[in-house]
Amino acid sequence: MTLKTLVSSTLIATSGLALGASSAMASEKPEEITLGIATFLSGSASVFGIPGRDAADLYIEELNARGGVHGVPVRAIYIDEGRGSAGMVSDYRRVVQEENADLMMGAVSSGHCLAIGPLAEDLEIPNIMWDCGTERALENQGYEWSVRTGSNAVTEMVASVLYLLTVKPDFETIAVVNQDYAWGHDSWEIFSTVLKQLKPDVEVVAEFFPRFGAPDYSSEISRLQALRPDVVLSTSWGGDLDTFATQASQRGVFNNSTVFLALGESSLERLGDRLPEGVLIGARGDNYFLHPKYMTDEKHHDFVTTYQERTGQHPIYPVYQMVRAMEAMVGAYDTAIEANNGEWPSKKDIAQALRGLTFRGLTSEVTVRPEDGQGLEDQLFGTTTSSDEYDFRVLKDFMIVPAGLVTTPPYETTSEWLKTLTPDLLGQVEMYNGAAQ
Amino acid sequence: MTIDTILLALIDGVSYGGLLFLVALGLTFIFGVVHVLNVAHGSLYAFGGYAAASMGIWFAQGEDSLFLSLLALVAGAAIVGLVLGYTLMLLLRRFRDRDPVIQLLVTFGAFMILEDIQMMIWGARPYFVSDIMYQMGSTELMNVVFMNYQFWFIPAVALGVYFGLRWFLKHSLKGHQIIAVTHDREVATALGVNAGRISLLTFIIGATLGALGGALASPTTSLVPGVGAEMIVLSFAVVATAGLGQVTGALIVALAIGIARSASIYMMPQFEVVMPYLIMMGVLLVRPQGLFTVAQARRI
């Protein structure tokens, strides 16, 4: 055997081995699916992050008890977003590269999603944006590896305006009290732009952006009492929303103005009877444990019951968002395995399967748009009322806004699309008629 | 701006300033005597709030008793001040003669640990016990409803604590000893003052004041993880503006910040968040040592 033959044979043999190994890696079932989840485990946003983690734990436990994903159990590794952007990104990279994650879910913070998008492309890891709201995370980004399984800020705010104008069409003045950070300003920007398009005669009498974590809203409330706007809007959340709503309630703001809490669903149980009747509430999607269509649905009811038994609390929207992301993961594996004729899929297969996927979490079906990976999630709104069954306010007078109607179409820019909205949009929504699933 | 608006801004500003003063007072008092910038003061605020809320849930909620509600606030603050103040002082004793930066880092480490302990005890769910707000009633002024708790109770407690502390420092033996240790620890020790015990007493008083701030905020504020960090930043702004260790200065600056913030909400709401820091920046540019600190010649 000449040297040339020897080298050629060795190269061919090595290539064959490598190809074989590669093929085996792509099709061989792993012992487990490693799932990285970025959520807030510390800091003020942990009011959302921890219910999200609890939901993930519960879902994975039930999924694994049923045999996992096609016989493969799922193992979750959590990343604490409370460490800040730099720490979160570094942990995200570590989980992908050192823990060999098969799929990632991140994040709660919009800022973190903006950072994760390009990172997932770089690491070539399927990534589900499970909770963050900013539309910029996916709009015209051209990502291949990231999708969002819930709605974005545009969907939520355009739908909010439609609900407000449907239940209170004749108001003339509005004031806003939002948190002083990206979400507070961005959500008001979208809301006020749409409001001007659909009802140009409304006057904005005050715009307050108290600092994040403000312990006292006395001055804002005094000002609201002096101005007496017809509507007071707040897209605040967590402890800030609880503080504002309680102080406003104590001082009678709710008697003078119609208050619209766009993320109020997540505070209903905590606020108890401190929140009066007649407050307009948004649910950041169609996330509500007494969802009129799915209240008695077996899947929804069972999960809500188990979650409540385990945590002592009713589920709030991050719980629904997390289950939605988990269902998308399972759906993507199902789709990809079927497309692979039963062979185990690669990460690329999963990323592709997530696009165009239609799946159901605990409430309405969601479709992930194939063009940009944006999920189309319907939006539920209601008005607070008293209940004999619960010691906190529940919702009535529901509206469920179809997501396709209020979401920036693919390849368009939100700022330009919002300018095309006309009052005709109001004619395309109606109050929920009470039909159960 | 009408007279009515000015009056409304003043009322809101004084209430906010009163709460801010109580938290900043503990911070500046500890620094004045023990010479430690206690970053863990934010945890004392948070623990004070959580403890008061827990006490309230335990024995005052739904009882319709103003006495029990007040007792919950005071008991929560006292227990936290005593336990955490003593614990932190024991920790700092090991670093007493070390570089101030090391002491600062130790309190920062304690703050991080206490944040986690707080999460372990109370979780991430916001706490709120506001019975006392309704028990104290409300007052209507110029068609604006004020809760009496914020309208006069918090400013009254802040003033009461201020004058009480001044009286204690000027007219009691322990107060005289604290002043002596503040001026010169070595000379005070030589004169027979137990400086270690005085430092411990000071730390416990300061810690209790921080916890009292949290306890008094608990009926109006939702207690969530991170609440301590939010308050400590503002308290630092007050203390730095007034000058480290300045008790009267802290009162004046806290009121000034409260009123300026409130006035900005009426006139230029977009400046509300930065107002305390604009004041701090303006003061420190002119007087780097703070408004009320007398400049001292540096020893070479």
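Chain letters run A, B, ... following the sequence lines, proteins first, then strands; residues in each count from 1. Everything numeric in this text was worked out from a predicted model, so none of it was measured.
- Of the atoms belonging to A/Phe48, not a single heavy atom falls under 4.5 Å from chain B.
- Here the side chains of B/Phe146 and A/Arg251 are in contact, with some heavy-atom distance below 4.5 Å.
- Of the possible donor and acceptor atoms, none in the side chain of A/Glu220 sits under 3.5 Å from a partner among the backbone N and O of B/Ile265.
- In this structure, the portion of A/Leu41 lying under 4.5 Å from any heavy atom of chain B is its backbone and not its side chain.
- No more than 12 heavy-atom neighbours from other residues, nucleotides or ligands sit within 6.0 angstrom of CD on A/Glu172.
- Taking OH from A/Tyr217 and OH from B/Tyr16, the interatomic distance works out to 10.5 Å, rounded to the nearest 0.5 Å.
- When heavy atoms are compared at a cutoff of 4.5 Å, A/Gln247 approaches chain B solely by way of its side chain, counted from C-beta outward.
- Residue B/Asp64 qualifies as open at atom CG: its count of foreign heavy atoms under 6.0 Å is 12 or below.
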Quiz item: Is there a side chain to side chain contact (heavy atoms under 4.5 Å, CB included) between B/Ser130 and A/Gln250 once you walk through the steps?
Solution: CA-CA 9 Å; B/Ser130 58; A/Gln250 288 164 347; 3.6 Å; yes
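- The choice from A/Leu224, A/Val253, A/Val47 that makes the most heavy-atom pairs within less than 4.5 Å of chain B is A/Val47.
- Side-chain contact between A/Ser44 and B/Pro225 is absent, with no heavy-atom pair separated by less than 4.5 Å.
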Exercise. Dump the intermediate steps for side chain to side chain contact (heavy atoms under 4.5 Å, CB included) on B/Met119 and A/Ser46, then the final yes or no.
Key: CA-CA 10 Å; B/Met119 194 85 147; A/Ser46 58; 3.6 Å; yes
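- When B/Thr221, B/Leu223, B/Val145 are compared by the number of non-hydrogen pairs under 4.5 Å with chain A, B/Val145 comes out ahead.
- For chain A, no part of B/Val227 is nearby; none of its heavy atoms comes within less than 4.5 Å.
- Annotation: residues 49-59 of chain B contacts chain A through no residue [non-hydrogen atoms, separation under 4.5 Å].
- Here the side chains of A/Arg274 and B/Phe128 are in contact, with some heavy-atom distance below 4.5 Å.
- The distance from the CG atom of A/Asp240 to the OG atom of B/Ser222 is 8.0 Å, given to the nearest 0.5 Å.
- In this structure, chain A has a heavy atom under 4.5 Å from the side chain of B/Leu234, while its backbone stays farther away.
- Residue-environment remark: CE (B/Met120) stays at or below the threshold of 12 foreign heavy atoms within 6.0 Å.
- Only the side chain of B/Tyr45 comes within less than 4.5 Å of a heavy atom of chain A; its backbone N, CA, C and O stay farther away.
- The heavy-atom pair separating B/Arg261 from A/Asp216 by the smallest distance is NH2-O, 3.1 Å.
- Side-chain contact between B/Asn143 and A/Arg228 is present, with heavy atoms from C-beta onward closer than 4.5 Å.
- Atoms CE and OG1, on B/Met147 and A/Thr246 in that order, are 11.0 Å from each other to the nearest 0.5 Å.
- Comparing B/Gly123, B/Gly226, B/Pro126 by how many heavy-atom pairs each has under 4.5 Å with chain A, the most go to B/Pro126.
- No donor-acceptor pair under 3.5 Å is formed between the side chain of A/Ser219 and the backbone N or O of B/Asp12.
- Counting only distance, with no hydrogens or angles, the side chain of A/Arg211 and the backbone of B/Val273 share no donor-acceptor pair below 3.5 Å.
- Residue with the most contacts toward chain B among A/Ser42, A/Pro51, A/Ala226, A/Pro210: A/Pro210 (heavy-atom pairs, distance under 4.5 Å).
- For B/Phe108, the CZ atom sits in a loose shell: 12 or fewer heavy atoms of surrounding residues, nucleotides or ligands are nearer than 6.0 Å.
- The closest side-chain heavy-atom distance from B/Tyr266 to A/Ser222 is below 4.5 Å.
- For chain A, the option among B/Val224, B/Val274, B/Thr220, B/Leu8 with the highest count of heavy-atom pairs below 4.5 Å is B/Thr220.
- Residue A/Asp180 touches chain B through its side chain alone, counting heavy-atom pairs closer than 4.5 Å.
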